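Small disclaimer: the values here were computed from a predicted structure and weren't measured. Letters go in sequence order (proteins before strands), and every chain restarts at 1. The basis for the numbers below is simple: all heavy atoms, side chains too, and nothing from hydrogens, waters or symmetry mates.
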Number of protein chains: 2
Amino acid sequence: MANGKRAQGGTARISERLRAAGLRPTQQRRLLAELLFQHGHRHVTAELLHLEAKEAGYPVSLATVYNALHQFTDAGLLQQVIVEPSQSYFDTNIDSHQHFYDEDEGRLTDISAAVCVSGLPQPPKGTKVQRVDVVVRIRRS
Amino acid sequence: MANGKRAQGGTARISERLRAAGLRPTQQRRLLAELLFQHGHRHVTAELLHLEAKEAGYPVSLATVYNALHQFTDAGLLQQVIVEPSQSYFDTNIDSHQHFYDEDEGRLTDISAAVCVSGLPQPPKGTKVQRVDVVVRIRRS
DNA sequence: TTCACTGCAAATGATTTGCAAAGCA
DNA sequence: TGCTTTGCAAATCATTTGCAGTGAA
């Protein structure tokens, strides 16, 4: 259903974006990029994206989904969010931001407010800060 | 809590601590608790603890290590820290605190400074905050 | 004695990889 | 065309589980 019509020029734009990131715009990468980037920011697992591709009538193999997610991440198009020891989430919002994580439902949500972390000490010598992750774990009690 | 006559009567104290947490002080739980709690705060993986037990001349099975770690966590003696999608870390410091995570070496370090997170919005209705995790990812660039 | 706990090995679930076939430049 | 990428299935890796034997109370 998300096929072709939705946003004209979409496919060309997606291809361009992939190419700009140094990735050859193959069919499956285009499809996955479309699912990921055409509808606002998203948080997906490999399994979910795989399912969506299947439902979109264009099945790709799970292995390809994993490969693409990592390639997109390495290319700076995605950010990996680590909240569960057993599953990886990928976030299309690559700006610095924080998350709510619903432990009961396994759902990840962006925190849109400007969160400020103060009082952080200097990192150990010889190292530099790569990223500061803030995860607010919530429960439906 | 870790105060008092720290080193003496270690085994008896460990047994008591386990019992107080509702866990029967079996041989292997005592050993693991000793490795975990007798030498200041620690961050361990199941594999590391398993190795230490073996080196201590008292091998326990990996499955038992996993079971014990989770039982300790459920009993409130440990806290699980999630920084890698592929491996679980357990922290003997159960107070609210933050971590440095060295992505190159896979090493976890407590941040002792008083870190303050401000600007967090209310959690979605129907949920309550369980915990706020802050992980400062560092790299030896 | 009883029942929770342990150990092993097999099961699981997410992720990865090897290699032949297919697609992009 | 040549070199990348895909797809499948088998391989891995950390972790969990089933079940018979062991040990704490």
Side-chain angles (χ1 to χ4, degrees), chain A residues 11-12 14-35 43-51 53-54 56-75 77-78 80-90 106 108, chain B residues 11-12 14-35 43-51 53-54 56-75 77-78 80-90 106 108:
Chain A
T11 302
I14 288 286
S15 293
E16 209 31 63
R17 186 162 181 182
L18 289 175
R19 219 183 304 266
L23 297 169
R24 190 193 281 184
T26 64
Q27 291 182 46
Q28 26 288 293
R29 295 216 267 234
R30 271 202 305 268
L31 170 77
L32 296 175
E34 223 164 277
L35 291 172
H43 302 96
V44 299
T45 60
E47 202 167 356
L48 175 63
L49 191 56
H50 182 232
L51 184 67
K54 186 175 298 169
Y58 199 143
V60 293
S61 85
L62 229 202
T64 299
V65 173
Y66 275 107
N67 289 335
L69 284 173
H70 286 131
Q71 290 153 356
F72 289 2
T73 301
D74 292 343
L77 299 175
L78 289 178
Q80 192 166 4
V81 184
I82 300 170
V83 285
E84 279 287 336
S86 56
Q87 242 185 336
S88 285
Y89 287 77
F90 293 85
L108 209 52
Chain B
T11 303
I14 288 287
S15 293
E16 208 32 62
R17 187 162 179 184
L18 289 175
R19 220 183 303 266
L23 296 170
R24 189 192 283 183
T26 64
Q27 291 181 44
Q28 25 290 291
R29 294 217 266 233
R30 272 203 305 269
L31 170 76
L32 296 176
E34 223 163 278
L35 291 172
H43 302 96
V44 300
T45 60
E47 202 167 354
L48 175 64
L49 191 57
H50 182 232
L51 184 67
K54 186 176 297 169
Y58 199 143
V60 293
S61 84
L62 229 202
T64 298
V65 172
Y66 274 107
N67 289 335
L69 284 173
H70 286 131
Q71 291 153 356
F72 290 0
T73 301
D74 291 344
L77 300 175
L78 289 178
Q80 193 167 4
V81 184
I82 300 170
V83 285
E84 280 287 337
S86 57
Q87 242 186 336
S88 284
Y89 287 78
F90 294 84
L108 209 51

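- Applying the 4.0 Å criterion to OP1 and OP2 of D:dT16, one finds that B:Tyr66 has every side-chain N and O outside that range.
- Applying the 6.0 Å contact sphere to CD of B:Gln80 captures more than 12 heavy atoms from other residues, nucleotides or ligands.
- Nucleotide D:dT4 holds its C1' atom 10 Å from the CD atom of A:Gln71, rounded to whole Å.
- Between B:Gln28 and D:dT22 there is no side-chain polar atom (N or O) within less than 4.0 angstrom of OP1 or OP2.
- Counting only heavy atoms from C-beta on, A:Ala63 has its side chain closest to D:dA9 among D:dT6, D:dA9, D:dT15.
- Backbone-only engagement by B:His70 is indicated by non-hydrogen atom pairs under 4.0 Å involving sugar-phosphate atoms exclusively.
- Rounded to whole Å, the distance from CD1 on B:Ile82 to P on D:dA14 is 17 Å.
- A straight line from CG of A:Asn67 to C1' of D:dC8 spans 12 Å, rounded to a whole angstrom.
- Rounded to an integer number of Å, the gap from CD of A:Glu84 to P of D:dA14 is 18 Å.
- Of the side-chain N and O atoms in B:Arg19, one or more sit less than 4.0 angstrom from OP1 or OP2 of D:dA25.
- Rounded to whole angstrom, the span from the NE2 atom of B:His50 across to the P atom of C:dT6 amounts to 13 Å.
- Contact annotation: A:Ser86 does not reach the phosphate of C:dA14 (side-chain N/O to OP1 or OP2, under 4.0 Å).
- For B:Leu62 and C:dC5, the CG to P distance is 19 Å, given to the nearest whole Å.
- For the pair A:Val44/A:Tyr89, no side-chain contact is recorded, criterion being any heavy-atom separation below 4.5 Å from C-beta on.
- Without hydrogens or angle criteria, A:Thr73 side chain to A:Leu69 main chain gives a donor-acceptor distance under 3.5 Å.
- B:Glu16 CD: more than 12 foreign heavy atoms inside a 6.0 Å radius.
- Projected onto DNA chain D by closest heavy-atom contact, A:Thr26 and A:Pro85 fall at different nucleotides, the more 5' of which corresponds to A:Thr26.
- The backbone N or O of A:Val60 sits less than 3.5 Å from a side-chain atom of A:His50, completing a donor-acceptor pair.
- Residue A:Glu47 has its side chain nearest to C:dA14 when only C:dG7, D:dT15, C:dA14 are considered.
- Rounded to an integer number of Å, the gap from OH of A:Tyr58 to P of D:dT6 is 10 Å.
- Distances were taken from every side-chain heavy atom of A:Gln87 (C-beta onward) to each of C:dC8, D:dT6, C:dT15; the shortest belongs to C:dT15.
- The A:Ser88 side chain lies nearest to C:dT15 when the options are C:dT15, C:dG23, C:dA25.
- In this structure, the CG atom of B:Leu32 is 13 Å from the C1' atom of C:dC5, given to the nearest Å.
- Listed nucleotides: C:dA25, D:dA14, D:dA25. Nearest to the side chain of B:Arg24: D:dA25.
- Close to D:dG23, at under 4.0 Å from its OP1 or OP2, lies no side-chain N or O of B:Gln27.
- When the side-chain nitrogen and oxygen atoms of B:Ser61 are compared with OP1 and OP2 of C:dG7, one or more of them lie within a distance under 4.0 Å.
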